[in-house]
Undergrad: 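The structure that follows is given in the form of structure tokens.
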Amino acid sequence: MCGITGWVSFHQDPRTQAPVIEAMTATLTPRGPDAGGVWLGRRAAIGHRRLAVLDIAGGVQPMTDRPDAPTTVLTYSGEIYNHHELRTQLTVLGHEFRTRSDTEVVLRAYAEWGEEVAGHLDGMFAFAVWDERAQRLLLVRDRLGVKPLFWAEVDGGLAFASEPKALFAHPELRPRVDADGLREAYSLLFTTGPTVWSGVREVEPGGLLLLDRDGMRERRYWRLEADAHRDDRDATVARVHDLVSTAARAQLEADVPLCSLLSGGIDSTVLTALLADELRLREGPDARIRSYAVDYSDQAESFTGDVLRTGHDTPYATEAGAFLGTDHSTVVLDPRALLDPEHRKAVVVARDSPIGVGDMDTSLYLLFGEIRKHSTVALSGEAADEVFGGYPWFHNPKALAAPTFPWLLVTGDEAAMPLNPELDLRIGEFRDDTYRTALAAVPHLDGETPTEHRQRELQHLSLTRWLRQLLHRKDRLSMAQGLEVRVPYCDHRLVEYAFTTPWTLKSFDGREKSLLRAAGTGLAPDSVLHRPKNHYPATHHPDYNRGLQNLARDALADDTVRSLADETRLKPCLDTPPGHLEWGHRLRLERVVDLALWLDHHQPELAL
């Protein structure tokens with residue numbers, strides 16, 4: 001896992017601007033703490049920061065096809081899980097390899113298949129290829145958007161990077177936010193393409209971008225399709241087990257210490273069980289995978305349920321770790337540590353965005369920091385809820401009937417920082433228009449029942465929008481600590497299969513995630529298999545709430561923050577006794593604090 005950046009210009013010679021690409025690359029050092037490098041050509045400047053995971057000695061980047069007079073230059077971030085198979089295939093086709101890295105497999109695969117290379121790759125990836133002979137830049141992003149890739153136009157071409165902060169190190173690009181950017185950020189619709197930053201866009205998940213002298217072209221090489229499902233229940237359960245197992249096995253490869261995130265829920269427990277079994281097969285019966293959970297020092301005595309949390313995770317995680325025989329640790333955080341301004345600033349800087357989830361972001365950042373002391377790679381159960389129908393909105397009649405994005409019934413305006421009405425952003429209209437556009441992109445089968453039709457819509461919205469902000473969160477906060485997080489439930493074959501599976505099979509036992517529960521029988525304790533859905537934990541300590549209210553008051557002392565926020569609607573959140581502050585109102589305060597930190601760090605031009 002790494003950080004990539006660079007730019008191409010047909011009007012300039014980047015060789016005269018080495019300090020620029022060096023500065024852009026330096027901003028990504030947390031993503032790649034092990035090494036860095038740049039390559040300069042007559043029309044392209046390419047940068048790379050490396051987190052060494054495979055072939056520590058051989059995977060140096062930017063990588064060229066030959067040391068002298070290169071014709072192809074690659075900067076790549078991610079992991080290709082089928083790189084062994086591709087290496088064999090490419091060798092038969094006549095390609096020779098200098099390293100055993102998956103990076104070189106991508107390089108040689110481009111030489112063989114050109115822009116069609118993406119369809120041959122299984123994994124999480126974002127990369128740029130500069131083709132000297134064709135004078136062409138290719139940007140590619142993985143199918144689900146696990147790895148980020150941003151771009152912006154510059155004179156005679158474009159700049160690209162894993163994170164917007166690298167773009168802003170280019171002299172032609174400045175952090176600027178207009179009304180469209182605020183609307184994108186605070187509508188909570190998680191569109192991919194536009195960003196909070198004016199002029200900065202994302203390469204679409206499953207998409208690629210080509211730039212040459214004729215201009216720029218974007219296209220999708222992958223998207224979800226609605227195909228007929230022909231397996232019965234038993235065959236479907238067996239197929240799900242096989243797909244999850246295959247993804248877990250493929251993602252266990254690393255030349256550095258590896259661990260699993262084990263929350264005590266069904267997603268992470270089933271995944272960790274498969275990883276633990278595979279590790280024992282490879283290394284012997286005594287091999288044990290490390291596993292980690294997070295908790296707060298007040299939770300055991302004072303856990304308080306809310307709209308997202310039904311129980312305390314730690315007892316389940318501990319039981320799961322013992323059942324699976326992992327080397328399990330619980331990272332216990334003091335809720336008051338989540339108020340540390342340096343921690344909170346680090347999170348906002350990592351995200352390049354004012355939109356996050358406050359203490360849950362800070363605690364995840366601190367958890368990753370503790371894990372990084374022992375491991376370089378972690379595997380996570382992210383995406384199982386989207387793939388198998390785990391969220392409440394899949395099962396709530398109100399959500400099924402609502403003519404809007406289903407998570408807004410949970411988050412809605414109660415969880416969004418209220419913006420100053422004088423800005424007149426018309427977020428309601430924007431949500432309605434975006435919702436109609438999103439539904440138009442959902443593929444359907446002829447003859448679907450109304451229930452199947454609506455469930456396919458909810459799953460498509462969850463996989464193409466809600467999941468993307470979770471993947472952004474995990475990527476940014478893990479890479480800020482130099483930790484690679486892999487997400488086996490994002491394997492595109494599993495996602496494709498589950499998307500075509502009828503809702504009657506996904507919910508055959510009358511509960512959420514029926515297929516995963518059935519596929520995981522025997523892999524997890526019964527208490528975990530039958531546990532209700534529980535979201536990432538949050539502290540409920542009154543001292544944290546009191547400190548958050550004080551931070552929000554300090555934030556609102558800033559003139560720019562006050563110009564953006566609706567103080568009238570925030571006042572009840574500030575005046576509520578700390579012990580009675582509801583989750584949604586607390587999240588409003590979190591976003592006020594994050595907004596102030598974001599403005600202070602980036603100093604964006606506001607064009608409202």
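Predicted, not measured: the structure shown is a model, and the values here were computed from it.
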Undergrad: Taking the six-membered ring for Trp, are W393 and W466 parallel (under 30°), tilted (30 to 60°) or perpendicular (over 60°)?
TA: perpendicular
Undergrad: Are D142 and K147 within salt-bridge range, i.e. N to O under 4.0 Å?
TA: no
Undergrad: Report yes or no: is the cationic atom of R141 (NZ for Lys, CZ for Arg) under 6.0 Å from the centre of the six-membered ring of F125, at an angle within 45° of the ring normal?
TA: no
Undergrad: So how far is it from I289 CD1 to T272 OG1, rounded to the nearest 0.5 Å?
TA: 6.5 Å
Undergrad: Would you call R468 and E204 a salt bridge, taking side-chain N to carboxylate O under 4.0 Å as the test?
TA: yes
Undergrad: Indicate the atoms forming the closest heavy-atom contact of E382 with V487, along with that distance.
TA: CB-CG1, 3.6 Å
Undergrad: With respect to V347, which candidate in R344, K345, R351, H343 satisfies the side-chain contact (heavy atoms from CB on, under 4.5 Å) definition?
TA: R351
Undergrad: Hey, are the side chains of L458 and Y391 touching, using non-hydrogen atoms and a 4.5 Å cut-off?
TA: no
Undergrad: Hey, are H472 and S353 close enough side-chain-wise for a donor-acceptor pair under 3.5 Å?
TA: no
Undergrad: Would you mind checking if E278 and R282 are paired as a salt bridge, meaning a charged N to carboxylate O distance below 4.0 Å?
TA: yes
Undergrad: Heavy atoms only: give me the nearest F394-Q455 pair and the separation to one decimal.
TA: O-NE2, 2.9 Å
Undergrad: Does the pair R486/E484 count as a salt bridge with the N-to-O cut at 4.0 Å?
TA: yes
Undergrad: Salt bridge check, R280 against D277: does any charged N sit closer than 4.0 Å to a carboxylate O?
TA: yes
Undergrad: Considering all heavy atoms of both residues, which atom of L379 and which atom of P488 are nearest to each other, and what is their separation?
TA: CD2-CG, 3.7 Å
Undergrad: Does a side-chain N-to-carboxylate-O contact under 4.0 Å join K506 and E512?
TA: no
Undergrad: Would you please name every residue forming a side chain to side chain contact (heavy atoms under 4.5 Å, CB included) with A402, sequence neighbours left out?
TA: T404, L409
Undergrad: Which of these, L366, L367, D313, sits in a side-chain contact (heavy atoms from CB on, under 4.5 Å) with V294?
TA: L367
Undergrad: Not counting sequence neighbours, which residues clear salt bridge (charged side-chain N to carboxylate O under 4.0 Å, His left out) with R233? List them please.
TA: none
Undergrad: Are any of the side-chain nitrogens in R493 or D122 under 4.0 Å away from the carboxylate oxygens of its partner?
TA: yes
Undergrad: Is it true that R511 and D509 have a side-chain N and a carboxylate O under 4.0 angstrom from each other?
TA: no
